[in-house]
Structure formats: structure tokens, C-alpha cells
Undergrad: 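Got a structure for you, written out below as C-alpha cells; questions coming shortly.
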Amino acid sequence: MAMTTDPKWIYGIFRCHCLTIAENLEKDELLRRLGCNPDSFFVPDDNEAMQEIYLEDAENYDTAPIVIAGKSGSWAFALEPTSVYASIPERLRQASRGTKVFCSSNVVESLLYYFDAWENGRLVVHCDVRGKEEPRGASPDLYLPNMRRAGFFGESRDYSAVNLALSMSLTGVAIPYPETYFPFPDIRQEGMLAGRIPALNLGPEAG
């Protein structure tokens, strides 16, 4: 299975997705910090099992859709192929305790494309990729040169692409991409882990 820093296969398949990347965390710890119950962790037997889970996810969107986590260098990543629940501020605050976290969330139909950077429980940057809102946070201009190079704030038709590309370029994270018609890799071969991420108000933000 090939690894790539090109996010095209993600935004080319999934219209609503979220990529969260954390430094010096293991994949299972990242999932826990994002609110996933360890009892939901699993490694499917094969891609057919993964396909069945993905096709069932429409029914689970309002409760606990799937999230896939892995490791790339010193970074752990969590990819939600059908939801953006990791981008909830309380979850990113929790995930970034003692470390650095980048999050790219995209909902194509709603024209929502957001990049977030957190460090040690503090929001560093929250940015609308389309430039419809002013960046905010403790250091809103910190990644501005990187954002402009990636294509933020322009008239891009691929806001999902530039958003994902920024998080991946800042971290050097490579993610396994599918070589078959089905959009999930064989996560057994990649040492990856799947779980269920709770929907809004069912995770840490519920208090």
C-alpha cells in the first residue's frame, strides 16, 4: 500500500471530512482525546468489512460515525471520512494538551472549510479557508505565509484540497491511499486503527 502526502484521494471521494494531526501522540491516544470510547476501537478483517461499515455510516452520522487513525513519523492522524466532529473546539483543546494539533475540516455542500491550530490547550489559529472571516486565535498570523502558499483566501475551486494540503505540509504526514475502487486502504497492513467518534454533544463538550 502506497503512502502519499497528496490529499487528492480524500477530497476527491469524501464530500464531508476532517483530518486531525497531533504531534508525539500514539494513534489510540489521539482517538481517546477526541472523545472516542476505546471499546469502539477495531481493526476490520478486510476491506469488505470496512466497506460494510462505511455504507452503514449514514445511519450512524448523528451518533458515532467512523474515524480512522494512524501514525506518520512523530505525528498521529485521525481521518473522519463522513463527519467533522473532531473539529469541535473542546475536543481540539483536549487533544492538544501538552502537544500541537492541526485540524482541517471540510463540508463541501455547506461551503464550510476551516483550518485550526491548537497548542497545549490553546487556540493558536482558526481560519476560514475562503477568507470570509478574519483569522482569530492567540497568533492569527502565525501560519499566514504557509496559508497563502497553499492557496488560502483565493478563488480556488478546491478549498478542500488547499485546506488538507496545509495540515499535511506543516507536518509532513503521509496517509495510505486506496489502490482499489473502494476508498479505504487495508488498515491491517498499515498498522492503522478504526473507531467511532461521538457526534455533537455526545463527546467531551457535553460536560
Side-chain angles (χ1 to χ4, degrees), residues 3 5 7 10-11 17-38 67-81 83-107 112-153 159-175 192-193 195 197-207:
M3 304 287 282
T5 55
I10 299 173
Y11 70 81
H17 55 264
C18 182
L19 177 64
T20 306
I21 305 173
E23 189 174 30
N24 296 325
L25 290 184
E26 295 303 319
K27 53 184 178 288
D28 57 335
E29 176 63 16
L30 176 57
L31 291 182
R32 288 189 186 92
R33 292 188 180 201
L34 293 174
C36 302
N37 187 328
V67 58
I68 303 169
K71 190 85 173 181
S72 178
S74 62
W75 299 86
F77 63 85
L79 172 64
E80 293 172 78
S83 61
V84 293
Y85 294 127
S87 66
I88 296 170
E90 181 55 39
R91 302 189 189 190
L92 293 177
R93 181 179 296 109
Q94 181 168 283
S96 69
R97 291 195 320 267
T99 190
K100 185 183 297 184
V101 170
F102 298 106
C103 180
S104 294
S105 56
N106 301 307
V107 184
L112 299 175
Y113 308 91
Y114 292 109
F115 168 80
D116 291 275
W118 287 73
E119 189 166 354
N120 199 23
R122 181 185 67 160
L123 175 63
V124 178
V125 181
H126 172 80
C127 181
D128 179 347
V129 178
R130 298 190 302 155
K132 301 299 182 181
E133 305 170 12
E134 287 295 320
R136 58 181 174 84
S139 302
D141 297 331
L142 181 60
Y143 299 108
L144 197 56
N146 307 78
M147 292 175 181
R148 286 176 173 154
R149 282 196 297 270
F152 277 43
F153 317 125
Y159 293 113
S160 296
V162 299
N163 194 8
L164 291 167
L166 178 60
S167 286
M168 294 175 77
S169 66
L170 287 171
T171 60
V173 160
I175 299 177
M192 296 175 72
L193 182 68
I197 187 165
L200 180 63
N201 294 326
L202 296 177
E205 69 284 356

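Atoms considered below: every heavy atom in the structure, side chains included; atoms not considered: hydrogens, waters and symmetry mates.
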Undergrad: Might you work through the side chain to side chain contact (heavy atoms under 4.5 Å, CB included) test for C103 and W118, ending with a clear yes or no?
TA: CA-CA 9 Å; C103 180; W118 287 73; over 6 Å; no

Undergrad: Between T20 and R91, is a side chain to side chain contact (heavy atoms under 4.5 Å, CB included) present by the stated rule, with each step listed?
TA: CA-CA 11 Å; T20 306; R91 302 189 189 190; over 6 Å; no

Undergrad: Measure the OG1-CG distance between T99 and L25 for me, rounded to the nearest 0.5 Å.
TA: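 The CG atom of L25 is 5.0 Å from OG1 of T99, to the nearest 0.5 Å.
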
Undergrad: Which distance, rounded to the nearest 0.5 Å, do you find between the CD of E23 and the CD1 of I21?
TA: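 Going from CD on E23 over to CD1 on I21, the span is 11.0 Å.
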
Undergrad: Search all heavy atoms of F77 against all heavy atoms of L19 and return the closest pair with its distance.
TA: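 Heavy atoms of F77 and L19 come nearest at CB-CD1, 4.2 Å.
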
Undergrad: How long is the gap from NZ on K27 to CE on M192, to the nearest 0.5 Å?
TA: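 Separation between the atoms: 9.0 Å.
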
Undergrad: What heavy-atom pair brings K100 and W75 nearest, and what distance separates the two atoms?
TA: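 That closest heavy-atom pairing would be O-CZ3, 4.0 Å.
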
Undergrad: Can you tell me how far apart CD (Q94) and CD1 (I88) are? Round to the nearest 0.5 Å.
TA: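 Rounded to the nearest 0.5 Å, the CD-CD1 separation comes out at 11.5 Å.
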
Undergrad: Measure from the ring center of F102 to the ring center of Y143 and say whether it is less than 6.0 Å.
TA: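 Centroid separation for F102 and Y143: below 6.0 Å.
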
Undergrad: Are the side chains of S87 and E80 in contact, using a 4.5 Å heavy-atom criterion?
TA: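 Side-chain contact under 4.5 Å: no.
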
Undergrad: Looking only at heavy atoms, which two atoms of A95 and L34 are closest? And how far apart?
TA: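 Looking at all heavy atoms of both residues, the shortest contact is CB-CD2, 4.0 Å.
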
Undergrad: Could you go through residues 161-174 and list every donor-acceptor pair under 3.5 Å that involves a side-chain atom there, pairing it with any protein atom two or more places apart or in another chain?
TA:
from, atom 1, to, atom 2, distance (Å)
N163, OD1, S104, OG, 3.0
N163, ND2, S105, O, 3.4
N163, ND2, N106, OD1, 2.9
N163, ND2, Y114, O, 3.0
S167, OG, S104, OG, 2.7
S169, OG, A165, O, 3.0
S169, OG, L166, O, 2.9
T171, OG1, S167, O, 2.9
T171, OG1, M168, O, 3.4
T171, OG1, V173, N, 3.3

Undergrad: What is the minimum heavy-atom distance between R33 and S96, and which atoms define it?
TA: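 Reported closest heavy-atom pair: NH1-C, 4.3 Å.
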
Undergrad: Quick check: closest heavy atoms across A78 and V67, and the distance to 0.1 Å?
TA: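 What the structure gives for the nearest pair is CB-CG2, 3.9 Å.
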
Undergrad: Tell me whether N120 contacts the main-chain N or O of R97 through its side chain, where contact means a donor paired with an acceptor under 3.5 Å.
TA: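 A pair under 3.5 Å: no.
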
Undergrad: First locate atom CG of N146, then atom CZ of R149, and finally report the distance between them rounded to the nearest 0.5 Å.
TA: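 N146 atom CG to R149 atom CZ measures 4.5 Å (nearest 0.5 Å).
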
Undergrad: So does E119 pair up with R122, basic N to acidic O under 4.0 Å?
TA: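 No, E119 and R122 are not salt-bridged.
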
Undergrad: Which atoms form the tightest heavy-atom contact between A199 and E205, and what is the distance?
TA: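 Result for this residue pair: O-OE2, 3.7 Å.
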
